[in-house]
Each structure stands twice: as structure tokens, then as C-alpha cells.
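Worksheet: one structure, shown below.
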Amino acid sequence: MSDLDLRKIRVEKLEQLKKENIDPYPNIYKATHEAKTVTDNFSDLENKKVKVAGRLMLMRMQGKAGFCHIKDSTGMIQIYVRLDFVGEEKLKLFKTLDMGDIIGVEGEVFKTRTEEITIKVLDFQLLSKSLLPLPEKWHGLSDIEARYRQRYLDLIMNDDIKESFKIRSRAVQFMRNFLQEKGFLEVETPMMQSVYGGAYAEPFMTHHNALDMDLYLRIAPELYLKRLIVGGFGKVFELNRNFRNEGISTRHNPEFTMLELYQAYADYNDMMEICEDLICSLVKEVKGSLKIDYQDVTLDFKRPWKRITFLDAVKEYCGVDFSKIEKTPDVKKAAEKAGVKVSAKMTKWEIINEVFEEKVEENLIQPTFILDYPKELSPLAKGKPGNSELVERFEPYIAGREVGNAFSELNDPVEQKLRFEEQVKKRKEGNMEAHPMDHDFVTALEYGMPPTGGLGIGVDRIIMILVNTASIRDTILFPQLRRKDDK
RNA sequence: GGGCCGCUAGCUCAAUUGGUUAGAGCAACGGACUCUUAAUCCGUAGGUUCGGGGUUCGAUUCCCUGGCGGCUCACCA
């Protein structure tokens, strides 16, 4: 039977209901209890009247009586409908109901012979007629594409995905509370920017008609948050969406959630402390332990996490000590010898970074801080004293993936301007991910920004670990998909 | 964007080397059934096999092309 036929039958039922003056979509129903509160408080509620509302998920009718399960936001509960209790009219009406219909039931709480907590229905009301059949009750909805495109069906049928999004909500809430308790002020800065910056990425472009001006969706809030530090806020954070116009993968969605925080009179060591504290507290809160299973490994978040410099990490996993190699051609030779492909126009630090990505990242399973990155690749970070080529920057890695980025913020306006100019030069050479010049940001720095530490954490990637999924799509309710024409 | 894999009834899945009229369970419809648990039993109906083209006496199956998805590589930091 095609879905149109199935729908037609239900539409006819709908018409019939209207003929009988039954509103299939009444405005309100006041339930007194949720499914879980009934099952959790049976001893108090036994033989008492309750009103519960939910979606019909299972029906076992046997002529003049029947058991069904309804599901509300808290879970499932069994209901028992019987001719003796509801009368002939209502039983007839009940039999016309379909799985997926949303009903409100009023009745007494009892236990069946098999000890299942059940509501003996004395009266019920249809609250919303469902016109389309639900997926199969046993296997549910497993088609991955359908689960993303019709997430509502996924949520109705698959309790585990619903649980994942509850965890996500709790985690985000936890991060906000954690930071607010530490004195950080949550702020909101522009998502539509005329100059974008704060990360290496291509932006989405849009246009404001009244101003007749192109705008970019932000790739990061960084430069605005630092303006706020200039303005005198001591601790700020923003937890919201970023947009990057790049490939989609199990680890990338075009819009994703980022936490960025900035603290005046702090440096990257302070950020490391906050990062460790935040993530460990979060893991403990959500998972109840600092040791958790993720895919096929066990992650141990016990503090302190491993700390190793960028160059030492390359040395450890690739066997080459690039700190001892000065000239670009020699760096290139060493990289190629290590089996890393490099192109002719790459600079020394781009090559070493390539080696890091190829050889090191996949090994960083346990929570690890990689410290002291190349200055050339970190145009917003402050230099490391005593080394002209490195900056005070770290990235936390978990399960082989970069989950954040932090540094002692560059607050020297003259140097910042030079760094931007280097970026602009790279752009002209064809690197479209390089930063554009942001004159106003430099101006802000010229008024003076205190020494500041900043930290960014990829929220979706942290959630992936908490809900043990290999795909970022399982942490985003409506992941981006290619448009599919209906009909 | 490249490579590999997938797409069959509303859902979950079958269909022999290319061979009758594409099957089954659930859902639906009709009937029986007043403590069921994926309720059971009897019966009925339901298909653009992702779209288009080709090869063939014959295509769900083979070829070409397009669509969508998954994994992966690239881009991404």
C-alpha cells in the first residue's frame, strides 16, 4: 500500500471525526503527570487518578479490551483500555485510533499480572491525529539519510539519539555555568561581519540590501571578543555558531558551535588550566568518571594531561628534530625522507606543520596539549620569549582530533599590523584562507589591550566524545545535507 | 571535487549465472479475541526496483549517464 493510500485512509478517519463533532486537534489538554513520574512514583500513585498525554507507539487490541503504550517526553507507559471502563462509544472511537496519534488518557494507576505499571483508562481524548504511518515498531528508522532529513522521525523512534541531544544540552549548559561561576561574562558579537577573521577558513558571503553591502558570516568571533577586552571587560566568552565554507565530513559541518573565551591579565598557561578544568569537570559531570570509552579506545582525562611542544611531538613520532634544521631545502629533504609529500612553494614552517598533521595528530589519543606553534601559522598569537619563530599557543588533542586552540593574545598593534600584512601577502599569492587585514582591530589594539589569554573549544567535537559517536552529524540536530527535491 | 560502497512496498529486509506474475515481516484494510508485551489467528490489498538512456527474446540484476546518501581522500587547521 503506497503512503498516499495509507494517508488517504487516515484523512477519511479525520473527516469522520469531524462529522461526529470530535475535534482531532483540540487546543489544549492538561496532563497531571508525565510517564516517568507515574512509573517512578507507583507506590504513591497506586489506584489514584492521573492524566497523561503522549503518542501511541504500540497497540495490542483484543476486541473489547486492549493494551497500548504511549510515549511522552519522559518515556513510555502502558495503558489499558477496556469496554467496562470507557463504554461502547469511546471504545469504538479508540479502535479508530492509529499508531502515531497523540492522545490524553485519564485513569487509575495499577499493576498488571506481569507487574507492569499501567494506567487503567477511564476516559481519553484525541489530541492530534497523525496522518502518516510511523516507521516499523521493531527495527525503527535506520536509514541514515532519512534520520538526518527527518530528524523528528529519528527522535520519535530512536531513544538513544534523543539521549545524545539531551546530553548535548546538558553539556552546553554546564559550560555556561562553569564559566559564569568563574566570573566570565557571556556576550554576543556579530555573526554578520564586513571583515571576517580569527581563523584560517573561507567564509560564506551574503548581502545586505538596504546598506548595499556584502557581508560575511563569521568564521570566528575572536577579533570582536578581543575588542571587548580592549573595552575593559576582564573575562568574556561566547558560545555560539561559526560558519565555514569548506568540505563536509564526519568531523566538519558548515555551521558548528564554538566556545571562545578571553581573560585579561592571563596567558596561555592560564588557558591550559581552564581548558583542562572545564573539559575534565564536564566529562565528570556527564559521564560520572574521568575514564570513558570512546569508539575502540579508553580515554583517561586524569589531570595533568600530557604536555609536549609542537617540535618535540614531531621529533617523538617522526624521529626528526626540526629545531636543528635551519634552511628550507634541508627541512624539505627531511620531510620527504620521513615520507611526507611537500609542494615546492611551501615555506619551512608549512612543511613542518604538514609533517605534524601527517605523522603526529593520529597518535594523540589521550588528552594532550601541543604547545608552542610556529609564529608564521599563528598571526594572532604572541611570540614566545627567546624564540623568534614560535608563539605561545597550544592546541588540545583528544582521540587524534584537534578540539581547541588557544594562545597568549598578540597585543602589540605594530606587530599585529605586520602579521596581517604577511597574511594579506599570502592571500595575494592565492591562499584564500589567509586572514584579510582588519584595520579597526589594529586600531583597537593601538588604544591598548592588556596581556590576554584566549581559548577556543570546538563544542561539537567535545560532544562527539561525550556521546561516543564517530560522526559530527550525530551531535547536530539538523546537519547540512544536499537539497533533495520533493516529489 | 576524486575513490569505494549503497538506494527494491510507508518502515526493516529478500529475490540463484540475466529467466515465469519482484517476495516476507511490521504497518494498513476486513474478521475473531476482556491481562497483552514485536499479542495471536484467518483473510485482503499494497511496487515508477532512485531518475534517464542502452544491451538483450527477456534487466532489480549487465553497461552509460544523472540524483541522493555513507565511508574515505582532498579542502579544512
Side-chain angles (χ1 to χ4, degrees), chain A residues 1-10 12-13 56-69 76 78-86 91 95-96 98-100 110-116 118 120 130-150 153-154 156-157 198-202 219-220 242 244-254 256 310 341 350 353-354 356-358 361 370 373-374 377-379 393 395 397 401-405 431-435 456 458 461 470-471 473-474 479-487:
Chain A
M1 200 174 268
S2 77
D3 68 334
L4 277 178
D5 296 333
L6 293 167
R7 186 174 179 278
K8 203 175 147 203
I9 291 164
R10 295 200 184 193
E12 280 162 9
K13 286 184 183 177
L56 270 167
M57 298 300 289
L58 292 167
M59 299 178 83
R60 296 178 293 283
M61 293 307 293
Q62 317 166 51
K64 298 190 181 63
F67 288 90
C68 304
H69 277 90
M76 289 256 238
Q78 181 167 262
I79 62 172
Y80 182 38
V81 183
R82 185 166 147 159
L83 174 64
D84 316 4
F85 306 145
V86 297
L91 185 71
K95 284 182 170 180
T96 69
D98 290 291
M99 282 213 268
F110 78 109
K111 265 189 190 170
T112 62
R113 277 176 207 163
T114 53
E115 295 282 289
E116 179 163 352
T118 302
K120 183 171 90 181
S130 162
L131 298 182
L132 292 171
L134 289 178
E136 207 239 7
K137 61 188 171 188
W138 190 243
H139 300 92
L141 184 70
S142 59
D143 179 71
I144 294 172
E145 183 176 354
R147 293 182 62 183
Y148 295 150
R149 286 193 196 278
Q150 294 183 282
L153 280 182
D154 190 24
I156 290 170
M157 300 309 296
Y200 282 106
E202 284 209 56
I219 56 173
N242 286 349
R244 297 188 185 173
N245 203 342
E246 54 200 32
I248 294 175
S249 77
T250 48
R251 287 169 287 280
H252 299 83
N253 195 62
F256 63 100
F310 178 82
K341 263 197 241 163
E350 282 170 345
N353 189 51
E354 188 68 22
F356 178 84
E357 287 178 357
E358 289 281 319
E361 280 190 348
I370 300 294
Y373 279 72
L377 307 176
S378 316
R393 171 182 174 190
E395 291 196 347
Y397 276 83
R401 291 200 286 267
E402 173 203 350
V403 296
N405 185 15
N431 182 348
M432 290 319 285
E433 286 86 45
H435 292 52
R461 290 187 181 176
S471 173
R473 294 183 201 101
D474 295 327
Q480 194 62 52
L481 296 180
R482 213 180 284 270
R483 173 190 174 146
K484 194 170 185 177
D485 292 331
D486 332 87
K487 292 175 189 175

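Per chain, numbering begins at 1; letters A, B, ... match sequence-line order.
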What does [X] touch in the nucleic acid at a heavy-atom separation under 4.0 angstrom: a base, only the sugar-phosphate, or nothing?
X	value
A:Q62	base
A:F110	base
A:D84	base
A:L58	sugar-phosphate
A:G66	nothing
A:L83	base
A:Q78	base
A:L481	sugar-phosphate
A:K13	sugar-phosphate
A:M99	sugar-phosphate

Taking the minimum atom-to-atom distance to the side chain of [X], which one of [options] wins?
X	options	value
A:I9	B:C29, B:U34, B:U36	B:C29
A:E136	B:U12, B:C76, B:G69	B:U12
A:W138	B:U36, B:A38, B:C76	B:A38
A:K137	B:U12, B:C26, B:U36	B:C26
A:H252	B:C35, B:U34, B:C75	B:C75
A:R149	B:A38, B:G70, B:C68	B:C68
A:E246	B:U36, B:C68, B:C76	B:C76
A:R60	B:A39, B:A38, B:C29	B:A39
A:L141	B:C68, B:C76, B:U12	B:U12
A:R473	B:G70, B:A27, B:C75	B:G70

Nearest whole Å is fine: how far is [N] [atom2] from [X] [atom1]?
X	N	atom1	atom2	value
A:H139	B:C13	NE2	C1'	8 Å
A:L131	B:G10	CG	P	16 Å
A:M59	B:U37	CE	P	16 Å
A:K120	B:U36	NZ	P	17 Å
A:L153	B:A27	CG	C1'	14 Å
A:I79	B:C35	CD1	P	16 Å
A:N245	B:G1	CG	C1'	14 Å
A:Q150	B:G69	CD	P	14 Å

Could you let me know what [N] is paired to, Watson-Crick or G-U wobble, both distances under 3.5 Å, or none if it's on its own?
N	result
B:C75	none
B:A24	B:U12
B:U37	none
B:U48	none
B:C29	B:G43

Between A:S471 and A:E357, which residue's closest nucleotide on RNA chain B lies nearer the 5′ terminus?
A:S471
Which sits closer to the 5' end of RNA chain B, A:K111 or A:L134, going by the nucleotide each is nearest to?
A:L134
Calculate, to the nearest 0.5 Å, the distance between atoms [atom1] and [atom2] belonging to [X] and [Y] respectively.
X	Y	atom1	atom2	result
A:E361	A:R401	CD	CZ	11.0 Å
A:I248	A:L481	CD1	CG	7.5 Å
A:L134	A:I156	CG	CD1	5.5 Å
A:R7	A:R10	CZ	CZ	11.0 Å
A:R461	A:Y397	CZ	OH	9.5 Å
A:Q78	A:K120	CD	NZ	14.0 Å

Please state the [atom1] separation for the pair [N] and [M] - nearest whole angstrom.
N	M	atom1	value
B:A59	B:G51	P	15 Å
B:A15	B:C7	P	11 Å
B:U60	B:G1	C1'	31 Å
B:U20	B:A27	C1'	30 Å
B:C33	B:A38	P	23 Å
B:A14	B:U44	C1'	22 Å
B:A45	B:G2	C1'	47 Å
B:C13	B:G6	P	15 Å

With no hydrogens and no angle check, do the side chains of A:T250 and A:R473 hold a donor and an acceptor under 3.5 Å apart?
no
Regarding A:Q62 and A:R82, do their side chains bring together a donor and an acceptor under 3.5 Å, going by distance alone?
no
Compare every heavy atom of A:K13 with every heavy atom of A:T96, then report the nearest pair and how far apart it is.
O-NZ, 3.2 Å
Minimal heavy-atom distance between A:S130 and A:M99, with the atoms involved, is OG-O, 4.4 Å
Looking only at side-chain N and O atoms, does [X] come under 4.0 Å of OP1 or OP2 in [N]?
X	N	value
A:R482	B:G67	no
A:S142	B:U12	yes
A:K95	B:C29	no

Donor-acceptor pair present, A:E116 side chain and B:U36 base, under 3.5 Å
no
Pair A:E395 + A:R393, salt bridge at N-O below 4.0 Å:
yes
Show the numbers, then the answer: is there a side chain to side chain donor-acceptor pair (under 3.5 Å) between A:H252 and A:Q480?
CA-CA 10 Å; A:H252 299 83; A:Q480 194 62 52; over 6 Å; no
Show the distances under 3.5 angstrom between N or O atoms of the protein and N or O atoms of nucleotides 72-74 of chain B.
residue	atom	partner	partner atom	Å
B:U72	OP2	A:T250	OG1	3.4

